[in-house]
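I have placed the structure first, in the form of structure tokens, so that the comments after it can refer back to it.
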Amino acid sequence: MTDEYPAPPRIAIAHHSGYGHTAVLAEAVAAGARDIDAAADVIAVDRITDDDWDTLDSADAIIFGSPTYMGDVSAAFKIFAEATSSRCVLGTWRDKVAAGFSNSGGMAGDKLHTLMSLAVLASQHHMHWVNLGLVAGWNSTTSSKDDLNRLAFFLGAGAQTDTDLPPEGVHGSDIATCRHLGRRVATVTTQLAAGRLSCTPLRTTER
């Protein structure tokens with residue numbers, strides 16, 4: 001055992017936003033992480049730089065975000081995902097924490113498929129996926145569209161924005177839900193780091 005405490009986690013939010021809605025959610029995720037003193041960097045993957053790649057490689061957790069276009073991640077996010085293949089082979093992101101969020105014009109919009117794509121990407125990198133950790137909101141006569149997780153997603157955070165609204169039109173509940181996701185990921189990342197400090201790795205004996 002050790003009396004050391006882990007440093008505040010470093011969280012990177014790697015996202016693509018076609019019309020600005022997903023960018024609003026990415027900033028909410030970052031704000032949630034900062035709520036518990038984590039460092040949070042928001043990276044637009046369609047404008048990624050060498051410094052951004054370094055930020056991703058050194059982060060303790062990466063939260064992926066993409067709008068849902070035609071039932072999956074956007075083409076720009078897919079280009080980014082494919083560009084990570086060498087890191088997958090090298091294990092650069094192995095054992096980092098991961099999570100995801102998505103926005104679409106429809107209430108459902110097949111966002112679950114997008115979240116599954118993000119989870120598979122994280123799994124191929126051998127990352128630890130964190131779910132949303134919220135019960136379903138807005139599912140009874142006594143509940144409200146302002147509830148957290150109003151769209152009842154569990155694998156990650158799901159948001160809906162009317163296609164003719166500007167970024168300022170992103171629903172407040174969806175912003176709050178993404179902020180919750182940022183706090184949750186930062187908390188789990190801190191817990192994982194503390195566990196690593198307190199545990200002695202198992203040793204295997206060659207035979």
Checking side-chain contact (heavy atoms from CB on, under 4.5 Å) for the pair Thr163/Tyr19: CA distance, chi angles, key distance, verdict? CA-CA 9 Å; Thr163 57; Tyr19 299 95; over 6 Å; no
Minimum heavy-atom distance [X]-[Y], with the two atoms named:
X      : Y      : value
Ala186 : Ile36  : CB-CD1, 3.3 Å
Ala157 : Thr177 : CB-CG2, 4.2 Å
Arg94  : His126 : NH1-ND1, 2.6 Å
Ala26  : Ile13  : CB-CG2, 3.8 Å
Phe77  : Ala14  : CE1-O, 3.7 Å
Ala12  : Ala59  : CB-CB, 4.0 Å

Below 4.5 Å, heavy atoms only, C-beta onward: do [X] and [Y] meet side chain to side chain?
X      : Y      : value
Val97  : Asp60  : no
Gln191 : Val188 : yes
Asp162 : Gln160 : yes
Phe101 : Leu132 : no
Pro6   : Leu197 : yes
Asp174 : Arg150 : yes

Treat each ILVMFWY residue as a node, draw an edge where side-chain heavy atoms are under 4.5 Å apart, and state whether [X] and [Y] are in one component.
X      : Y      : answer
Val29  : Phe153 : no
Phe64  : Leu25  : no
Met116 : Leu118 : yes
Ile63  : Leu148 : yes
Val45  : Val24  : no

Is it the case that atom CG in Asp54 sees more than 12 heavy atoms from other parts of the structure closer than 6.0 Å? yes
Determine whether Tyr69 and Thr114 satisfy the following criterion, side-chain contact (heavy atoms from CB on, under 4.5 Å), listing intermediate values before the conclusion. CA-CA 9 Å; Tyr69 293 158; Thr114 298; over 6 Å; no
Could you give the distance from [atom1] ([X]) to [atom2] ([Y]), rounded to the nearest 0.5 Å?
X      : Y      : atom1 : atom2 : result
Lys145 : Leu151 : NZ    : CG    : 12.0 Å
Leu115 : Asp72  : CG    : CG    : 10.5 Å
Leu121 : Ser66  : CG    : OG    : 11.0 Å
Thr55  : Ile11  : OG1   : CD1   : 13.0 Å
Leu56  : Arg10  : CG    : CZ    : 11.5 Å
Gln124 : Ser85  : CD    : OG    : 10.0 Å

Take the angle between the ring planes of Phe80 and Trp53 and call it parallel below 30°, perpendicular above 60°, tilted in between.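 Judged by the thresholds at 30° and 60°, the geometry between Phe80 and Trp53 is parallel.
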Would you say [X]'s side chain and [Y]'s backbone share a donor-acceptor pair under 3.5 angstrom?
X      : Y      : answer
Asn131 : Gly133 : yes
His171 : Ala159 : no
Asn103 : Thr22  : no

Please test His125 against Lys96 for side-chain contact (heavy atoms from CB on, under 4.5 Å), starting from the C-alpha separation and ending with a verdict. CA-CA 9 Å; His125 282 280; Lys96 294 182 186 294; over 6 Å; no
His16 and Ser74: side-chain hydrogen bond (donor to acceptor under 3.5 Å, both in side chains), yes or no, with the steps? CA-CA 8 Å; His16 171 246; Ser74 64; 2.8 Å; yes
With no hydrogens and no angle check, just 3.5 Å: does a side-chain donor-acceptor pair link [X] and [Y]?
X      : Y      : result
His128 : Asp95  : yes
His21  : Thr161 : no
Asp52  : Thr49  : yes
Lys111 : Thr68  : no
Thr92  : Asp57  : no

Considering residues at least two apart in sequence or located in another chain, which fulfil the salt bridge (Lys or Arg N to Asp or Glu O under 4.0 Å) criterion with Arg34? none
Run the side-chain contact (heavy atoms from CB on, under 4.5 Å) check on Ser144 and Asp147 step by step: do they pass? CA-CA 5 Å; Ser144 164; Asp147 292 343; 3.8 Å; yes
